[in-house]
Amino acid sequence: MTFRSKSLRHPFERRIRDIKRRIKPEPFDWYPFDSFANVTQIETLIPGGLQSLVELARDEPMADFGTGDGDMAFLFEHLGLNVTAVDWPGTNANRMTGIELLRGELGSAISIREIDIDGQFRLDGERFGLALALGLL
């Protein structure tokens, strides 16, 4: 995995980078795009940045649709949210091996859901205080 940015956008990013340098999700590779670049955009575009999103969610869970390896999902869990990460193995860069490996390495409690969001899908009445859908369009 090649990391284009040398500077950290959030201190938690170091934990993810360290794991991704140490472990390779055979026979695939990690999600090839820089998910933490979203932190820069959030901090630039939203007054209060990440903290205002955490406050927006309040005590409700958060969903990360199209989670990739779950970098943003794990970041928001680290910031105190109860997170559900949603992706589909058929379109995920490594068939969701990466997010499963990270969840284990981080001792994370995020919920991982395999849902094909390109088709009709249901959330079965789940309510989220915050939903991310970054990079899906």
Side-chain angles (χ1 to χ4, degrees):
M1 172 102 213
T2 303
F3 294 94
R4 293 182 185 97
S5 174
K6 292 186 174 139
S7 63
L8 297 174
R9 280 62 60 103
H10 188 278
F12 183 75
E13 183 178 2
R14 181 178 311 282
R15 289 183 69 193
I16 298 293
R17 282 186 184 188
D18 289 347
I19 292 168
K20 287 184 176 185
R21 283 187 182 115
R22 186 170 40 85
I23 297 174
K24 184 168 175 23
E26 295 288 343
F28 304 100
D29 202 354
W30 294 106
Y31 178 69
F33 302 103
D34 181 12
S35 297
F36 275 93
N38 292 304
V39 172
T40 302
Q41 301 305 317
I42 290 168
E43 293 292 338
T44 301
L45 297 172
I46 298 174
L50 291 172
Q51 191 55 44
S52 77
L53 291 182
V54 170
E55 291 168 12
L56 179 67
R58 298 185 193 175
D59 295 329
E60 296 189 61
M62 177 209 154
D64 181 13
F65 292 96
T67 195
D69 286 337
D71 295 1
M72 296 301 289
F74 294 119
L75 171 61
F76 278 95
E77 180 188 43
H78 173 77
L79 295 173
L81 296 182
N82 175 2
V83 180
T84 297
V86 179
D87 213 326
W88 184 244
T91 55
N92 181 277
N94 53 38
R95 301 197 54 77
M96 299 181 76
T97 303
I99 191 169
E100 293 286 357
L101 284 170
L102 283 173
R103 181 171 62 174
E105 287 293 313
L106 293 167
S108 170
I110 69 166
S111 173
I112 298 173
R113 303 266 312 269
E114 294 181 2
I115 299 175
D116 182 1
I117 62 174
D118 290 329
Q120 184 68 33
F121 70 93
R122 294 176 30 173
L123 295 174
D124 299 321
E126 289 180 84
R127 179 178 168 83
F128 299 102
L130 175 65
L132 297 181
L134 303 169
L136 293 181
L137 298 177

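Throughout, residue positions are numbered sequentially from 1 according to the sequence presented. In this text, all values refer to a predicted model and were calculated from it rather than measured experimentally.
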Could you go through Arg17 and Leu8, starting from their C-alpha distance and side-chain angles, then the distance that decides it, and tell me whether this counts as side chain to side chain contact (heavy atoms under 4.5 Å, CB included)?
CA-CA 10 Å; Arg17 282 186 184 188; Leu8 297 174; 3.8 Å; yes
Do Phe36 and Ile16 have side chains that approach each other closer than 4.5 Å (heavy atoms only, starting at C-beta)?
yes
Ignoring hydrogens, what is the shortest heavy-atom contact between Leu132 and Phe76? Give both atom names and the distance.
CD1-CE1, 3.7 Å
Would you call Glu60 and Arg58 a side-chain contact if the rule is heavy atoms closer than 4.5 Å?
no
For Arg22, does the CZ atom have more than 12 heavy-atom neighbours from other residues, nucleotides or ligands under 6.0 Å away?
yes
Would a 4.5 Å heavy-atom cut-off, applied to side chains only, mark Ile42 and Met72 as touching?
yes
Once you round to the nearest 0.5 Å, how far does CG of Leu53 lie from CG of Leu79?
9.5 Å
Which heavy-atom pair separates Trp30 from Lys20 by the least distance, and what is that distance?
NE1-O, 3.1 Å
Side-chain heavy-atom pair Phe74, Ile99 within 4.5 angstrom cut-off
yes
On the 0 to 90° scale, with breaks at 30° and 60°, tag the Phe65-Phe128 ring pair as parallel, tilted or perpendicular.
perpendicular
Identify which one of His10, Arg9, Arg15 satisfies the side-chain hydrogen bond (donor to acceptor under 3.5 Å, both in side chains) criterion when paired with Glu13.
Arg9
When rounded to the nearest 0.5 Å, the distance separating CG of Leu102 from CD of Glu100 is 10.0 Å
Where do Ile115 and Leu123 land on the side chain to side chain contact (heavy atoms under 4.5 Å, CB included) test, with the steps shown first?
CA-CA 9 Å; Ile115 299 175; Leu123 295 174; 4.1 Å; yes
How about Glu43 and Leu50: do any of their side-chain heavy atoms sit closer than 4.5 Å?
yes
